[in-house]
There are 2 protein chains.
Amino acid sequence: MSSTINPNDMLPRYFQLVTILRAKIEAGEWQPHAAIPSERQLEVLYSVSRTTVRQAVGLLIRQGLVYQLHGKGTYVSPRKLQKGLVELTSFSEDMLQRGLQPGQRILELAEVEAPEQVRQHLELSPDIRTVIRLERVRTGDGQPIGLQTSYLNLPAGATLTREQLEERGSLYAILQEKYNINLAAADETLEVTVATPREALLLEVPAGNPLLLSERILWTNERRAIEFVKILYRGDRYRYTVRLTR
Amino acid sequence: MSSTINPNDMLPRYFQLVTILRAKIEAGEWQPHAAIPSERQLEVLYSVSRTTVRQAVGLLIRQGLVYQLHGKGTYVSPRKLQKGLVELTSFSEDMLQRGLQPGQRILELAEVEAPEQVRQHLELSPDIRTVIRLERVRTGDGQPIGLQTSYLNLPAGATLTREQLEERGSLYAILQEKYNINLAAADETLEVTVATPREALLLEVPAGNPLLLSERILWTNERRAIEFVKILYRGDRYRYTVRLTR
DNA sequence: TAGTGGTCTAGACCACCCT
DNA sequence: GGGTGGTCTAGACCACTAA
């Protein structure tokens, strides 16, 4: 059990401190609404500077584990806020977090002329004419959950095959491993719609049933829009959760 | 035009720097994907320490205005990411952001025995038996947008009257001004449902129409759950937007 | 090699809270 | 007055990128 900071460790000190403090909170050593040691006490306890302490605490605050009150102290958040908020996740990660086994059935994978709506969302320059269209039925524990249509603006020369997708499952894992593309942010809109006959068939619900429509634009770490993706979720099998902060 | 930092200003220096840099970005002085001055250049340009520069830049990053690449520089985000996205807002603020005039029709304001679902969401201790129930039809430019039901666990002695609500409009403004309660975070879930006859009547849609159901738990700066609120949105008049980061 | 962001130190003073 | 978090300085070294 390492509960001291090792200056020779590969990991930065503030990150080691985050790990130590998180462990104590999750082990219940400090109860919700109880004060943890002050920043100056943590300085002494772990032999780091106050800047480093504040870097660690700042991360814990953004993760929802603790909160600070000016002039009073640093406190452990109630359990409900300790649970990690929804971050930017792929469908697969999302399903795993919900305790369901993610699956997919690929309906189409093709290079297509980019529709105008997609051109705008991906901010395509005029010289880019085509994008990759990927349509899949996504499942959780084998049951249809959503109908997903992706439009991808991959870097020149990059390709994507059915085999890769079937083998690896997650598209984002392929982008990361093969092309070193990391996702940094996404803008998402949600609205209500009703199932067309085709959608109803694929999702195994009656036509006209209410669905949740999600539209996402995904941005790389270089803030290039790389994907526009729609997911039609079965209204009875999907709840969307998000944490808002001020 | 103040584009230097005033050490005697009430505002902290990093915040003044944020304001200056944001103004330059929004004025188009630095175009999207262009590099802004390096941290060491900003140190000299504005006569502050690198720590202060990094505090300012860190804020701009969290607000989506710029991004950094290790070893390369700090760059202006594309316009779509510059638009600050949804933070924790009240219905009124939400409507104003969408360019609609918020309104309300109060259906009920009463102290009621807390339903079990509400007890759990607000983590009520056994000695608290009642909460305030507030039911309102919320409108945008006079048109019904949502049916909102709030359950409030106000501090002992605090009250809330129809007059206050009608005069002030926003509940959160009252909490802030009268009781110095600040909201810090919210957990929200979204799902699809269909309108019951009563809901349909109030929202002026046919019964059975699809609706977007939002359920929120709101936390104060001391991380006490203060409100559980459901809003049933008309599916045809409301889109929900979020920004996710990683 | 030079320039960039990432981490870290050892201080300091201010603003706020409580007794 | 003493303790807390909030802001700030003037340095330093490391890790990464590009010419």
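So you know, we letter chains A, B, ... as the sequences are listed, proteins then strands, and number each from 1.
- One can find a donor-acceptor pair under 3.5 Å joining the base of D:dG5 and the side-chain atoms of A:R40.
- When the C1' atom of C:dC16 is taken as reference, atom CE of B:M10 falls 13 Å away, rounded to whole Å.
- Residue contacts shown for B:Q41 are limited to sugar-phosphate atoms, with no base heavy atom under 4.0 Å away.
- Put simply, OH on A:Y67 is 14 Å from C1' on D:dT4, counting in whole angstrom units.
- The nearest whole Å value for the distance from the CG atom in A:D9 to the P atom in C:dC8 is 10 Å.
- Nearest-nucleotide positions on DNA chain D place A:I36 closer to the 5' end than the other of B:P12 and A:I36.
- Distance, B:R50 CZ to C:dC8 P: 13 Å, rounded to whole Å.
- Checking side-chain atoms of A:Q41 against main-chain N and O of A:S38 turns up a donor-acceptor pair under 3.5 Å.
- Although no hydrogens or angles enter the test, the distance criterion places a donor-acceptor pair under 3.5 Å between the side chain of B:K80 and the main chain of A:H121.
- Residue contacts shown for B:V48 are limited to sugar-phosphate atoms, with no base heavy atom under 4.0 Å away.
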- When you look at A:Y240 and A:E188, which way does the side chain to side chain donor-acceptor pair (under 3.5 Å) test go after all the steps? CA-CA 11 Å; A:Y240 186 91; A:E188 183 160 27; 2.6 Å; yes
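- Residue A:Q68 has no polar side-chain atom (N or O) positioned under 4.0 Å from OP1 or OP2 of D:dT4.
- A:R13 comes within contact range of the sugar-phosphate backbone alone, with a heavy-atom separation under 4.0 Å but no base atom that close.
- Phosphate proximity of D:dA18 to B:K72: present, with a side-chain N or O under 4.0 Å from OP1 or OP2.
- At the phosphate of D:dT7, neither OP1 nor OP2 sits under 4.0 Å from any side-chain N or O atom of B:T52.
- Of the candidates D:dC8, C:dT7, D:dT17, the closest approach to any side-chain atom of B:Q55 belongs to D:dC8.
- The main-chain N or O of A:S77 is found under 3.5 Å from a side-chain atom of A:Q82 such that the two form a donor-acceptor pair.
- Put simply, CG on B:L11 is 18 Å from P on C:dC14, counting in whole angstrom units.
- For the pair B:N8 CG and C:dA15 P, the computed distance is 12 Å after rounding to whole Å.
- What you find for A:R119 and A:A114 is that their closest heavy atoms are CG-O, 3.8 Å.
- Judged purely by atom type and a 3.5 angstrom limit, B:Q164 uses its side chain to pair as donor or acceptor with the backbone of B:T161.
- Residues B:E113 and B:R129 are paired through a salt bridge, judged by an N-O separation under 4.0 Å between the basic side chain and the carboxylate.
- Here C:dT4 presents its P atom at 13 Å from NE2 of B:H70, a figure rounded to the nearest Å.
- A salt bridge links B:E39 to B:R50: at least one charged side-chain nitrogen sits closer than 4.0 Å to a carboxylate oxygen.
- Across the protein-nucleic acid pair, A:Y75 atom OH and D:dG3 atom P stand 15 Å apart, rounded to whole Å.
- A heavy atom closer than 4.0 Å to some atom of DNA chain C occurs in no member of residues 58-65 of chain A.
- Residue A:S38 is in sugar-phosphate contact alone, with no base atom involved, counting any heavy-atom pair closer than 4.0 Å across all strands shown.
- B:T51 has no side-chain polar atom (N or O) that falls below the 4.0 Å cut-off from OP1 or OP2 of D:dT7.
- Both A:Y14 and A:E43 sit near DNA chain C, but only A:Y14 has its closest nucleotide nearer the 5' end.
- For the pair A:R54 and D:dG6, the criterion of a side-chain N or O lying under 4.0 Å from OP1 or OP2 is met.
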